[in-house]
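So the structure is just underneath, and the comments pick up after that.
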Amino acid sequence: MILVLNSGSSSVKYRVVDLTDPDHNTRGLIEKIGEPGGVADHTAAIGQVLAGLGGVPIDAVGHRIVHGGPRFTRPTLVDDTVLAALHELVPLAPLHNPGGIIGIEAARAALPSVPHVAVFDTAFHATLPPAASTYAIDRDLARRYDIRRFGFHGTSCAYVTGRAAALLGRAPEALNLIVLHLGNGASATAVRGGRSVETSMGLTPLEGLVMGTRSGDLDPAVGGYLHRVAGLDFAAVDDTLQRHAGLLGLAGVNDMRALLERRAAGDPDATLAFEVYCHRIRKYVGAYHAVLGRLDAIVFTAGVGEHSPEVRAAALSGLDGWGIAVDEARNAANEQVISPDGGRVTVCVVPTDEERSIAEQTAALLRA
Ligand code: ADP
């Protein structure tokens, strides 16, 4: 049994994965760590997770870590040296990595005799060619501070790439895909022959598509402009773009279901937010089609991608000339393949399962 931990600064999401039994399903979420009404710290949270498992034998722990920086491009067995290197990466992902690190420390203390493996959200994108990963800024600054496109949602992309290939009955090496991971965070990735060659998130998960509370792409001058005209300091600019932008900024709700309800009721802000969200996706699909040259399939995944026919249809509307179409009935029924028969590009819906993928990667590393 593999325990998969996704630790945030105030929460621990866990799942016990039995790789021989896809239906085994022990999972849960400990929230409000260090807050009133919650447990004191991550050590107490992990203790609560283990107590709840009632003695299930854990063979290994797989930890989700958001940012692997330039160093970690594959699943890595955690030791003190790795942990020290993870601490050094915190400036690259101050919102995401600290929770993961505290989770590893607490879990190693609680389960000192089992291997702990860190699995990185950036790893799948280590194959980005320099032309795609390089920002056109001063090269010395970029080198000194590791400023480049890293990409995120890699575990999800790798998983759905494999599932989509199985669904299409083709080897991943023979397929060119665009993966649209549309959850609270959202990203587009171009996958050529099973390898990520372009992705919309960059140095951090702020870039690219419109998200629940993040702006995605934006003129980089907006920050300086807000500073000059509105007196916002750097922290305030960061806060508004990370937490008060995206669907929330445009329509006052960050949850797509709530947004769709307001749009259905005729709310103009929700209508515009939906259009901005879908327009951005369509723009990326066109761009990534150009990057790939030949496109075999578009894969929708994560909460919005798996469950919103409205978003899928609107995001791919008007692309018939490119061989991209969505069949209305199949889409409404959330079928696995939602393009019409005989289309040049297969459009499919593939549920992601990051925890299972982390467990599989953990087991594979330990076997090797
Ligand atoms: P996370 O990125 O936190 O893992 P998810 O992948 O669960 O998030 O995606 C969450 C998003 O999915 C939310 O915006 C939620 O409203 C949306 N979502 C979930 N179910 C539906 C649905 N039936 N229709 C539209 N959106 C949905």
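Note that ligands are numbered from 1 as they come in the structure, with each ligand's atoms numbered from 1 the same way. Numbers for residues simply follow the sequence, beginning at 1.
- Atom 25 (C) of ligand 1 has its nearest heavy-atom neighbour, among A258, S156, S308, in S308.
- For atom 2 (O) of ligand 1, the nearest protein heavy atom (residue, atom name, distance) is N184 N, 2.9 Å.
- Residues N6 and V12 fail the side-chain proximity criterion, which asks for heavy atoms closer than 4.5 Å.
- With hydrogens and angles left out, the side-chain atoms of E31 and S10 include no donor and acceptor closer than 3.5 Å.
- Distances below 4.0 Å separate heavy atoms of A302 from the following atoms of ligand 1: 6 (O).
- For atom 4 (O) of ligand 1, the nearest protein heavy atom lies 4.0 Å away or farther.
- With hydrogens left out, the protein atom closest to atom 23 (N) of ligand 1 is H307 CB, 3.3 Å, a heavy atom.
- The existence of a salt bridge linking R71 and D146 is excluded, since no basic side-chain nitrogen approaches an acidic carboxylate oxygen closer than 4.0 Å.
- For atom 11 (C) of ligand 1, the nearest non-hydrogen atom of the protein is V304 CG2, 3.9 Å.
- The pair R149-E207 meets the salt-bridge criterion, since a charged nitrogen lies less than 4.0 angstrom from a carboxylate oxygen.
- Here the side chains of E360 and L19 are in contact, with some heavy-atom distance below 4.5 Å.
- Checking only distances, K13 never comes within under 3.5 Å of ligand 1, N or O to N or O.
- When the heavy-atom distances from atom 18 (N) of ligand 1 to G212, G185, G303 are ranked, the shortest goes to G303.
- Protein heavy atom closest to atom 14 (O) of ligand 1, with residue, atom name and distance, is M256 N, 3.0 Å.
- Atom 16 (O) of ligand 1 has as its closest protein heavy atom D255 OD1, 2.7 Å.
- Using a 30° and 60° split on the angle between ring planes, H67 and F150 fall in the perpendicular class, above 60°.
- Salt bridge absent: D217 and K283 never bring a charged side-chain N and a carboxylate O closer than 4.0 Å.
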